[in-house]
Trainee: 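Attaching a single structure in structure tokens format; questions to follow.
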Amino acid sequence: MTHRDRPGTAAEVFSAFLPLGFTSFGGPVAHLGFFRTAFVERRGWMSDAAYADLVALCQFLPGPASSQVGMAIGLQRAGFPGLLAAWTAFTLPSAIALAAFGILVTGVGFGAGAGWILGLKAAAAAVVANALLGMAASLAATRARAAIAGAATVAMLLAPEPAVMQLVVIAAGAIAGLWLAVPDAAPDDHAPRAPVGRRVGIAALAGFFALLLLLPLAAAWSPALDLLDRTYRSGALVFGGGHVVLPLLQGEMAGLVPPDAFLAGYGAAQAVPGPLFTFAAYLGAVAEPFGGVAGAIVALVGIFLPSVLLVVGIMPFWDRVRRATVARRALAGVNAAVVGLLAAAFYDPVIVQGVPTHAALALAVAAFVALRHLAVPPWAVVAAAGAVGGALL
């Protein structure tokens, strides 16, 4: 019996993912490369074709693609306990670090003029600019997709209610994609084995939509439910993963997290390994009135729970969905629209609120050059920007 045929255990999955949780720097694309090395080449848990299809599945879904691929690998290897083990091992190292950072700096304070705060915000501007260029090159490369992205940017910048407009932009991107976007070619290989039945999948999808509809009604009951609602909605509606979560979380956390604290934490999130969505643990820790350790846990669960439900829910139906031209056209339009969302967020709040002086702008430009052209790791850029900001700004 080969490794890919032999069922595994949750402990085996946890021990395989934990080193990745401590060492996976570089963002979602790098994470997917680490996963392939660890689970296709080294352990032989699945074939290259099966792994490629898992990646395609998770890129089709809203949420953090690399975390969802990890969940799917754990689910296939050891069922639901394996999914939980993979998520826990890959997520907790960075989540704990960011939550601890949030609790620590809450005691210090977020003075708008603090040099290290300005340095972290300058680093955040450089990281978002770099991500925006990369996403535009891959997701808005044609004239039609670029037009969708541009229209989304304009709509977000002119919207009186940005949080509402984000949902409108995503829906409009899907509709525009049906008419304008040319989808990628349909995959030829076989879909990954679904370790759950269709009934379980339907129940998971029903749970996903039920929480999306019911949590806003329950949010008024307590600050904890309000925080859960905001982070769940962000995790459920962010297409493209990674840095695209910035505008959604920025809109959702308005009133709970000050802008200085938000951008400083976003900069710090670039310095830790693992998924960028663990930024939610930091936001939960600094949120008011419900923050600290409990807030970090609620926010972390809230932003990842949609991914769990979607991975479990879609796998039994993936082979049919992935071959539907309509679905692939709509996804191409949505991906182009989220490039526009990130472009709007790059202007406000990243530039408008995060780079207030010429000196801060110079530091942001230097950080961007280091990232884009000198291949300096993001964690090193963030650490250096914070140090330089503390010394000079």
Trainee: Using 0.5 Å steps for rounding, measure from the CG atom of Leu300 to the OH atom of Tyr282.
Mentor: 15.5 Å
Trainee: Can you tell me how far CH2 of Trp87 sits from OG of Ser307, rounded to the nearest 0.5 angstrom?
Mentor: 10.5 Å
Trainee: What are the two closest non-hydrogen atoms of Phe279 and Gly265, and how far apart are they?
Mentor: CE1-C, 3.4 Å
Trainee: Which atom names give the shortest non-hydrogen contact between Ser66 and His31, and what distance separates them?
Mentor: OG-ND1, 3.1 Å
Trainee: Applying the 4.5 Å side-chain criterion to the ILVMFWY set and letting contacts propagate, would Ile96 and Phe22 be lumped into a single cluster?
Mentor: no
Trainee: In terms of ring plane angle, is the pair Phe208 and Tyr232 parallel, tilted or perpendicular, where the classes change at 30° and 60°?
Mentor: tilted
Trainee: Hey, is the main chain of Pro275 close enough, under 3.5 Å, to the side chain of Thr278 for a donor-acceptor pair?
Mentor: yes
Trainee: Looking only at the aromatic ring of each residue, does the gap between the centers of Phe34 and Phe17 stay below 6.0 angstrom?
Mentor: no
Trainee: How many angstroms lie between atom CG of Leu256 and atom CG of Asp226, to the nearest 0.5 angstrom?
Mentor: 5.5 Å
Trainee: Considering only heavy atoms from C-beta outward, does the side chain of Pro316 approach that of Arg199 to under 4.5 Å?
Mentor: no
Trainee: Assess whether atom NE2 of His358 is packed by more than 12 heavy atoms of other residues, nucleotides or ligands within 6.0 Å.
Mentor: no
Trainee: Do Leu61 and Val312 share a hydrophobic cluster, counting only Ile, Leu, Val, Met, Phe, Trp and Tyr and linking them when any side-chain heavy atoms are less than 4.5 Å apart?
Mentor: yes
Trainee: Would you say that Phe346 contacts Leu341 through its side chain, given a criterion of any heavy-atom pair below 4.5 Å between the two side chains?
Mentor: no
Trainee: Side-chain contact, heavy-atom cut-off 4.5 Å: Lys121 with Val355?
Mentor: no
Trainee: Can you check whether Pro62 reaches Leu310 side chain to side chain, under 4.5 Å on heavy atoms?
Mentor: yes
Trainee: Is there a side-chain contact between Leu205 and Leu309 in this structure, where contact means two heavy atoms from C-beta onward sitting under 4.5 Å apart?
Mentor: no
Trainee: Going from CG on Leu158 to OG1 on Thr153, what distance comes out if it is rounded to the nearest 0.5 angstrom?
Mentor: 10.5 Å
Trainee: Quickly, which of Trp45, Tyr51, Phe90 forms a ring pair (Phe, Tyr, Trp, His ring centres under 6.0 Å) with Phe35? Name it, please.
Mentor: Phe90
Trainee: Output yes when a side-chain donor or acceptor of Thr91 lies under 3.5 Å from a complementary backbone atom of Thr88, and no otherwise.
Mentor: no
Trainee: Backbone N or O of Glu252 within a donor-acceptor pair of the Arg230 side chain at under 3.5 Å?
Mentor: yes
Trainee: Taking the side chain as C-beta and beyond, is there a heavy-atom pair between Met253 and Leu227 under 4.5 Å?
Mentor: yes
Trainee: Determine whether Leu363 and Phe368 satisfy the following criterion, side chain to side chain contact (heavy atoms under 4.5 Å, CB included), listing intermediate values before the conclusion.
Mentor: CA-CA 9 Å; Leu363 181 56; Phe368 174 79; over 6 Å; no
Trainee: Roughly how far apart are Thr231 OG1 and Leu228 CG, rounded to 0.5 Å?
Mentor: 5.0 Å
Trainee: What are the two closest heavy atoms between Leu178 and Arg329, and how far apart are they?
Mentor: O-CD, 3.7 Å
Trainee: For the side chain of Ser15 and the backbone of Glu12, is there at least one donor-acceptor N/O pair under 3.5 Å apart?
Mentor: yes
Trainee: Would you mind telling me which of Val272, Ile103, Leu283 makes a side chain to side chain contact (heavy atoms under 4.5 Å, CB included) with Leu98?
Mentor: Val272
Trainee: Can you give me the closest heavy-atom contact between Gly74 and Ala86, atom names plus distance?
Mentor: CA-CB, 4.1 Å
Trainee: Quick one: closest heavy-atom pair of Thr357 and Ala360, and the distance?
Mentor: OG1-N, 3.0 Å
Trainee: Going from CD on Gln270 to CG on Asn130, what distance comes out if it is rounded to the nearest 0.5 angstrom?
Mentor: 10.0 Å
Trainee: For Leu84 and Phe14: C-alpha separation, side-chain torsions, deciding distance, then whether side chain to side chain contact (heavy atoms under 4.5 Å, CB included) applies.
Mentor: CA-CA 9 Å; Leu84 181 61; Phe14 184 89; over 6 Å; no
Trainee: Treating Ile, Leu, Val, Met, Phe, Trp and Tyr as nodes and any side-chain heavy-atom pair under 4.5 angstrom as an edge, say whether Leu18 and Leu75 lie in one connected cluster.
Mentor: no
Trainee: Locate the shortest heavy-atom distance separating Gly21 from Pro273; write the atom from each residue and the value.
Mentor: O-CG, 3.4 Å
Trainee: Are Met315 and Phe209 connected in the hydrophobic side-chain network, where two residues link if heavy atoms are under 4.5 Å apart?
Mentor: yes
Trainee: Within a strict 4.5 Å, meaning less than it, do heavy atoms of the Pro356 and Leu118 side chains meet?
Mentor: yes
Trainee: With the 4.5 Å side-chain cut-off for hydrophobic clustering, are Leu217 and Leu215 part of the same group?
Mentor: no
Trainee: Distance-only, no hydrogens or angles: does the Tyr266 side chain make a donor-acceptor pair with backbone N or O of Ala261 under 3.5 Å?
Mentor: no
Trainee: Is Phe262 close to Leu249 at the side-chain level, that is, under 4.5 Å between some pair of heavy atoms?
Mentor: yes
